[in-house]
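Have a look at the structure below before the remarks.
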Number of protein chains: 2
Amino acid sequence: MEKVNIKSVASVAGVSIASVSRVLNKKENVNPAIKAKVEEALKTTGYRRNLQASGLRAKHSYTLTLLYSDPSPSYVVDLQKGALAECDKQGYSLNIFPCNHRNDDFLERITDLVKHFKNDGVVVAPPISDMAEVINLFEENDIPYTRISPYIIESERPSVFCNDYGAAFDMTTYLLSLGHERIGFIKGTDGHSASKNRFQGYKDALFTQRIEFDESLVEQGGFSFDTGEVCARRLLKSDNKPSVIFASNDEMAAAVYKVAAQLKLDIPNNLSVVGFDDTPMTKFLWPALTTIRQPIATQAKQAVNMLLNYINDKSNEDLQISFDCELVLRESTSIYRP
Amino acid sequence: MEKVNIKSVASVAGVSIASVSRVLNKKENVNPAIKAKVEEALKTTGYRRNLQASGLRAKHSYTLTLLYSDPSPSYVVDLQKGALAECDKQGYSLNIFPCNHRNDDFLERITDLVKHFKNDGVVVAPPISDMAEVINLFEENDIPYTRISPYIIESERPSVFCNDYGAAFDMTTYLLSLGHERIGFIKGTDGHSASKNRFQGYKDALFTQRIEFDESLVEQGGFSFDTGEVCARRLLKSDNKPSVIFASNDEMAAAVYKVAAQLKLDIPNNLSVVGFDDTPMTKFLWPALTTIRQPIATQAKQAVNMLLNYINDKSNEDLQISFDCELVLRESTSIYRP
DNA sequence: TCTTGTTATGAAAACGTTTTCTTAAAGTGG
DNA sequence: CCACTTTAAGAAAACGTTTTCATAACAAGA
């Protein structure tokens, strides 16, 4: 197999190397005749640009960073899938950068990343997308970034959202439509934007249906199985027991299953349960968990797309894009039976 | 911040560019005095090599590919963690390459990968590491690779294993020590090396303890929740019901939980259950699942290490390295009560 | 017609390395 | 002590691009 570089393409096309480069990079002011010849030659030779050489000269890497703090593995995998799809499509590589935002060395690791940053931009996933210190670091060092589901929207940079609020609103409305009026709610980590939006959706749905909001039906969880277990136990042992529990994520919903089993409550006959996220685990719970699916991969794809637009300075009007979630109705809910 | 390249280092050290390069690449035949001066200069300037330029000239990418066919998300994440750790340590980047070996376009995707391969090598995770067609592609195209848990060992290339056999042996022995003699076994996907080894460990442990092997206690599963459910139902509805079920992975063990609940069998009092893999889900099952933890990250780390040794032609004697698994005893097993 | 300005094109420099080539110095054997 | 080989170091070429610079062709204005 003959090695094919710009030089060989140029000689096939009968033009200069510079002209080929101009066509490749879509510069203006290039004669249509030459352009046609070059494009023909590109095809016949099967030319593929050498990214190392191109990057070396033009000072970019054709590589993006995907920054996330390991939430659930299934979230991570979906995130990667979406980001990778868009990167592939646009001829970019993806460097994954997992870290743990609760670790002591977290900020040090981020500082390191920023200091020796070699890539063209960063996609920041939650909950890091919510951390002002991190975002400021990128800002100060002129590193292009887009965020997924950030809470602080002040920034002028593009970001993508998913409609946590609307999904929680719809789910609550669905539960009300089944006849439930005492809907327990387990909140997620305090300060996390998703927690806040999900809770607000729940409250507003109650309000819209003229059901009085009852503070005693709400517990402050932390998105983990353990915190979910504590909250579920409190809710289910109270005199004021709810007929359904809406957990802010699936992991806490799984904890509700555990407590329900211990208290001999049959799901869904004595207690309905719903979660949020549609992690793979929902299918292994029995009965299968009714929950909410976020378009994670789609969000990541869009975040990459916006980042590349930003980098390549294409016009870039819609800075914030929001995606809808989807209610996934399975077997963990039933109509209200007093 | 002054930009620092080889040229500036050379001028600080008072030597030629070529000498600096020789020191950087640990070539022999370089005067100790010069070497010292260069090393000093490298420190004071804080030089970092430009991988694009280096790679362009020396024809390598300082990037490895991690090839896997999405088993469980938690497996993938562990795999990445280990591979990334070693790559970081050695100054390499990691490109992840997820795919689905059951998809129609699988071979096409692999062929594409091979055809336009730009990286320095590939780490192949199971079950792809077992697929001769894929391995042959790498072999034919002279792409350096290492495999994790391959079944076909003929190849002279380095690979890492984990002792599935020994772990299954130990787990079975543990169950026998609890007094169980009727141990049901759900096999994994037929043809998969892990399936085979785990089953063999189970059988040999029975043999060692002089417990007769009973074919009717074995079901052929496929590593998925659904197949696990079918197998569990068959085992638990038979007249010859086992007192414990050893599932070849956690997902199938979770299915056993579901069937047990349907049949009103209390775990662990009426039925013990054990799994394999120690996925995060085990902690959400109730009671928490006794299972086996593989050192996935460690294996990936080692695989990367061996791959880089191979690429850089360092001596490389131990071609196959095996790691032990760890029994994780939780609450899903109890002593045998007739 | 002559200058001036604009434009498309090719030649050549540049990016930061590694590697080959050249040469001066040092070592070796007769 | 001379011819010859070996060695270490610097100069320069090479990797495959992009970008700057120079120039030729052409159009426009006086």
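Any value given below was found using the heavy atoms of this structure, including those in side chains, with hydrogens, waters and symmetry copies removed.
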- prompt: Distance check: side-chain N/O of S16(A) vs OP1/OP2 of dA11(C), anything under 4.0 Å?
  reply: no
- request: Grab the NZ-P distance between K7(A) and dA12(C) for me, whole Å please.
  value: 13 Å
field: Residue-phosphate contact under 4.0 Å: S54(B) side-chain N/O, dG16(C) OP1/OP2
entry: no
- request: Mind checking S19(A) for me? I need base, sugar-phosphate or nothing, with any heavy atom below 4.0 Å counting as a touch.
  value: sugar-phosphate
Phosphate contact (dG10(D) OP1 or OP2) by R22(B) side-chain N/O below 4.0 Å: no
task: Specify the residue among V15(B) and A58(B) whose closest nucleotide of DNA chain D lies further upstream toward the 5′ end.
output: V15(B)
query: Over how many whole Å does the gap from L24(B) atom CG to dG16(C) atom P extend?
result: 15 Å
task: May I ask you to check whether N25(A) and R49(A) show a side-chain donor-acceptor distance below 3.5 Å?
output: yes
- prompt: Do you see a donor-acceptor pair shorter than 3.5 Å between the side chains of S16(B) and S19(B)?
  reply: yes
- prompt: Is it true that the side chains of Y145(A) and E139(A) contain a donor and an acceptor less than 3.5 Å apart?
  reply: yes
query: Can you check the Y47(B) OH to dT18(C) C1' distance for me, whole Å?
result: 11 Å
field: Phosphate contact (dA9(D) OP1 or OP2) by N31(B) side-chain N/O below 4.0 Å
entry: yes
Side-chain N,O (Y62(A)) to OP1/OP2 (dT17(D)) below 4.0 Å: no
query: L51(B) near the nucleic acid: base, sugar-phosphate alone, or nothing, with a heavy-atom cut-off under 4.0 Å?
result: nothing
message: Please classify the nucleic acid contact of K27(B) as base, sugar-phosphate, or nothing, using heavy-atom distances under 4.0 Å.
response: sugar-phosphate
message: Rounding to an integer number of Å, can you tell me how far H60(A) NE2 sits from dA14(C) P?
response: 20 Å
- request: Could you tell me whether the side chains of N163(A) and S322(A) share a donor-acceptor contact shorter than 3.5 Å?
  value: no
- prompt: Cut-off 3.5 Å, side chains only: do T65(A) and N95(A) have a donor facing an acceptor?
  reply: no
- request: To the nearest Å, give me how far apart CD (E28(A)) and P (dT6(C)) are.
  value: 17 Å
- prompt: Is there a side-chain polar atom (N or O) of K59(A) under 4.0 Å from OP1 or OP2 of dT17(D)?
  reply: no
- request: Report which part of the nucleic acid A18(A) touches: base, sugar-phosphate, or nothing (heavy-atom distance under 4.0 Å, all strands).
  value: base
Check: Y68(B)/Q80(B) side-chain N/O donor and acceptor closer than 3.5 Å: yes
- request: Please state whether the phosphate of dT18(C), meaning OP1 or OP2, lies under 4.0 angstrom from any side-chain nitrogen or oxygen of N25(B).
  value: yes
- prompt: Can you check the R49(A) CZ to dT19(D) P distance for me, whole Å?
  reply: 10 Å
task: Measure from CD1 on I6(B) to C1' on dT19(C) and round the result to the nearest Å.
output: 12 Å
- prompt: At under 4.0 Å, does any side-chain N or O of K3(A) touch on OP1 or OP2 of dG16(D)?
  reply: yes
message: Is it the case that dG16(D) (base atoms only) and R48(A) (side chain only) share a donor and an acceptor within less than 3.5 Å, ignoring hydrogens and angles?
response: no
task: Determine whether any donor atom in the side chain of R57(B) lies under 3.5 Å from an acceptor atom in the base of dT18(C), or the reverse, and answer yes or no.
output: yes
- prompt: Quick one: is N29(A) getting a side-chain N or O under 4.0 Å of the dA8(C) phosphate, OP1 or OP2?
  reply: yes
message: Without decimals, in angstroms, what is the distance between I17(B) CD1 and dC21(C) P?
response: 19 Å
query: dT18(C), dT9(C), dG16(D): which one has an atom nearest the side-chain heavy atoms of I34(A)?
result: dT9(C)
